There are 2 protein chains.
Amino acid sequence: MVRSRATLPQVAERAGVSLSSASRALHGNGASAAMVGRVRAVAEELGYHPDATGRSLRMRRTFQIAFAVADIGNPVYVEMMTAIQQVVSDRGYRLLLATTGETPRDTAALVRGLVAGSVDGLVISPLRLDDELVEALAGAGKPVVVIGRPLADDRLDSVSTDSAGGIGQAVDHVVGLGRRRIGFLNGPLDTTPGEARQRGFDAAVGRSGPGVETVDTEVADDFTVTAGLVAARALLARHTAAPLDAVVAANDLLAICAVKAAREAGLRVPDDVAVTGMDDTELGRVFQPSLTSVDLGAAARGRAAAELLLGRLDDPAHERGAVVVAPRLVVRESTLGAHAPSAPPDRRPSTGEERP
Amino acid sequence: MVRSRATLPQVAERAGVSLSSASRALHGNGASAAMVGRVRAVAEELGYHPDATGRSLRMRRTFQIAFAVADIGNPVYVEMMTAIQQVVSDRGYRLLLATTGETPRDTAALVRGLVAGSVDGLVISPLRLDDELVEALAGAGKPVVVIGRPLADDRLDSVSTDSAGGIGQAVDHVVGLGRRRIGFLNGPLDTTPGEARQRGFDAAVGRSGPGVETVDTEVADDFTVTAGLVAARALLARHTAAPLDAVVAANDLLAICAVKAAREAGLRVPDDVAVTGMDDTELGRVFQPSLTSVDLGAAARGRAAAELLLGRLDDPAHERGAVVVAPRLVVRESTLGAHAPSAPPDRRPSTGEERP
DNA sequence: GTTTCCGCTGGAAACGTTTCCGGGCAGCCG
DNA sequence: CGGCTGCCCGGAAACGTTTCCAGCGGAAAC
C-alpha cells in the first residue's frame, strides 16, 4: 500500500493495451466498450488516479482557482470564501487561498506570481484598488474576477454591491425612527468600501435635510475590532453634552464596537443610541442586542464571482460580466429593541440581479 | 503584454546559452557569475517566471499543502487556517482549502483524491476520526498532520489539545464561584471534540463531589448556532423549578446560544446563570457579556501543524511528532460580571509544549 | 468483388522544467 | 611541459499526461 502511485503506462501494460488507448478509455471518447471495460478494471485494481501535475502540464490547465483577500479574519470574506469553495468544488476545481499584501503594489506582485502557472483564474477582493492594480490584473493573462466595485476595464469581470446605497438605507432607517444626532463610524477612506460608504453616508444625510441636527464621522484605522473600539470611543466622547442618538457603522465589526463603547459611556442600545452595522454577518445576528445590518450578500457575491470565473474559463471569449448585488436592510434589536423580530438565524435569500 | 508567458527555452535562446545553463543560472548553483548575470537580465527583460506545473512535474513537488476541515464557518477553523497560511506562505508554499465530507468515508475519498498529485502534504482536522480514516491517512503516501487527538499510529504526526482538561477548568471555575446546578451544552458525542469534552465534564463533576446538586447534559445536533439554540432552550427548559445556575458549553458558539436562551427565559448572565465557552474566539471576546472561555490555542495548533508538516517535507524520515497545546481558562464577564476585566482584545500567548 | 469510408488502435510528440552526464578548458602541481 | 583535477557548459533524458496522426481492419456501398 505504501508503494508509490500507479501511473498510466503501468495500467496500460497490465491491461495489455497501448498508453494512448488507456488514456482514451479513462477520459476520452474514441474507445470501444471492451477497451473501456478492460482498462477501467485494471485502473480500479491498481488504484490508479491520474496525476494532477502531469495532466496540468499537458492540458495547460490546473483546475485550481485562487481567492485572494486582504483579511481572512473578517467574517465577510469567510462567507465569500465558503460560497466560492462550494461552487468551484462542485465543478471539479480546487480552491487556493491567498492573502493580498497591504499595498496595491504587493498585491500586484502576488498576482503575477500566483497566476504564473499555479491557477487557471483568480477571484480577488482587494481593499485598495487603484489603476495600477487594475492594469496588473487585466494583463495577468488569466481570467480575473474582481469583487469590489464596478470596473471600466472591459478585460475584467466584476462583482459588486451598492454599499453606498446600503449606508443610505441605514441612515434613512434611523432618521425614520426620529434620530437626529447621527454618528458615522467608518473605516479608512482610501479603501474601496471606505470610500463608497462615506459617499453613501454624506449623500444620505444631505438629502435628509435640516431635520438632522448633528452629523459626525470618525474613521477607524482599519475594519477590525481593535481599531474600531478606539474610534468608537472617540466618536462618542466628542458628544457628551448632546449625545449621539444613532451610530451608523460601516461594518458589523465596527457596529459591535459602537455598542460596546456606548455601553461603557452609560448609554443604552437602542433606547439612547441606535446602532446599525453592515454585512449582516452571523456575528451580528447572534450579538446582544442583535444588530440591525445591511445585507450586502457576501455569499451571493462569492457565488456570482465563482460562476463568472468558471464561465469565463469555459469560454474565454465570453462577454464581460458585471454582476451587482442589491443591498438589503435587515432590522433587528440594535435599532428597534424588543419590538424587533427575535431574529431566528434565518438564511437570507440575498438575490443578485445581473446586468450585462 | 498579452502574449503568453515566456518559457525557459526562450530565455536561454535570447541569452545565447543552453537551456540547462539558463536553469542553473536561475535556481541552481553551478553557474559562473557572468552566466548568472546574463540570464538574470534576460529573464527580467522578458518577465520570466518559472511555470509551476512544469516544475512540479519534474521535481515531484507541488509546493502546495492542503488544509481540510469540516466546517470552515466555525471561527476556530478560520483561526487555524490563518495561522497555517502564514507559516506555509512564508516558506514558499501555497495553501489549498478543502472541506471534508460528513462521514469518515467521504473524508477518506477526498484525501485520496487530494493527495493524488495536487499537494505535497495535508493538515486535516476531522470532526470524526475512526480507525478506517486513520488507516487511509497513514497510507496516503504523503505526509499528513492530524489536528484532533493524539494518535497511536506512528506514521502520522498529530497536534492536539487537552480539551477534556479544559472543560475541567471551566467546571472547577463555576464550582469555585459557588454554582451548584450545572448544565453541559455539548456537541455530538460521536465527534472527537464532543467525546473528549463529555469525558472531561463527567470527570470534573465526579471529582467535585456532593457539593454539586444537579448535573444535566444536552447534546446539540452539531456545533453551530442553529442547532445550539434549540439545544440550549431544551436544556434550560428542563429546570424551571430550580433553574441551572451555570452552563458549561463545549464551544463559544454554543455558549452564545446558552446566553441567548437564558435571556429568553428571563435569567440574567452571570447573576442567575454563569456561562462558559470554549475556544476563546474573537466572537466570544466581543460578545455581550464577554465570554469566559477556555483557550485551546487554535492559532498555536495551526502553526504547530504547519511547522510539523513542513518539517516532515524537508526530512521525510523525521521522527513522529505529537504536539500538545495546553488549555487555559480566560475569565470574563459571562461568569464574573462587572468584576471581570473589561477584556481588551489582547492577543493571548497560547504556548504549546512539545513532547516527542 | 472491389472500393470507400469509418471506427478503433498504437506510436509518438508535446507541455516546461530540473538534473544527470560527458566533454572542454583552464589552472595547478609535478 | 605534460598530466591531472576541478569548474562550467551543452546535450539529453525524464517527470505523467493528452492528443495528433497514421495505419489497419471490417463493414457498407456499388
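In this text, all values refer to a predicted model and were calculated from it rather than measured experimentally. A, B, ... follow the sequence lines: proteins, then strands. Residue 1 opens every chain.
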Whole-Å distance separating the [atom1] atom of [X] from the [atom2] atom of [N]:
X: B:R61; N: D:dA14; atom1: CZ; atom2: P; answer: 23 Å
X: B:L19; N: C:dT17; atom1: CG; atom2: P; answer: 8 Å
X: B:D51; N: C:dA14; atom1: CG; atom2: P; answer: 18 Å
X: B:H27; N: C:dC20; atom1: NE2; atom2: P; answer: 16 Å

Residue closer to the 5' end of DNA chain C, B:R55 versus A:V17 (nearest nucleotide):
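Result of the comparison: A:V17.
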For nucleotides 21-28 of chain D, list the nitrogen or oxygen atoms of the protein found under 3.5 Å from its nitrogen or oxygen atoms, one pair per line.
none

Closest listed nucleotide, where the reference is the side chain of [X] and the choices are [options]:
X: B:S20; options: C:dG16, D:dG11, D:dT17; result: D:dG11
X: A:R58; options: C:dT19, D:dT19, C:dT17; result: D:dT19
X: A:S18; options: C:dG11, D:dG10, D:dG16; result: C:dG11
X: B:M59; options: D:dG16, C:dT18, D:dT17; result: C:dT18

Across all strands, who's sitting opposite D:dG6 as a Watson-Crick or G-U wobble pair, both distances under 3.5 Å?
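Paired with D:dG6, as far as the under-3.5 Å criterion goes, is C:dC25.
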Show the nearest heavy-atom pair for residues A:R61 and A:L313, with the distance to one decimal.
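Nearest pair, atom of A:R61 first, then A:L313: NH2-CB, 3.9 Å.
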Determine whether a donor-acceptor pair (N or O, by modelled atom type, separation under 3.5 Å) exists between the side chain of B:R91 and the backbone of B:E307.
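Such a contact is absent between B:R91 side chain and B:E307 backbone.
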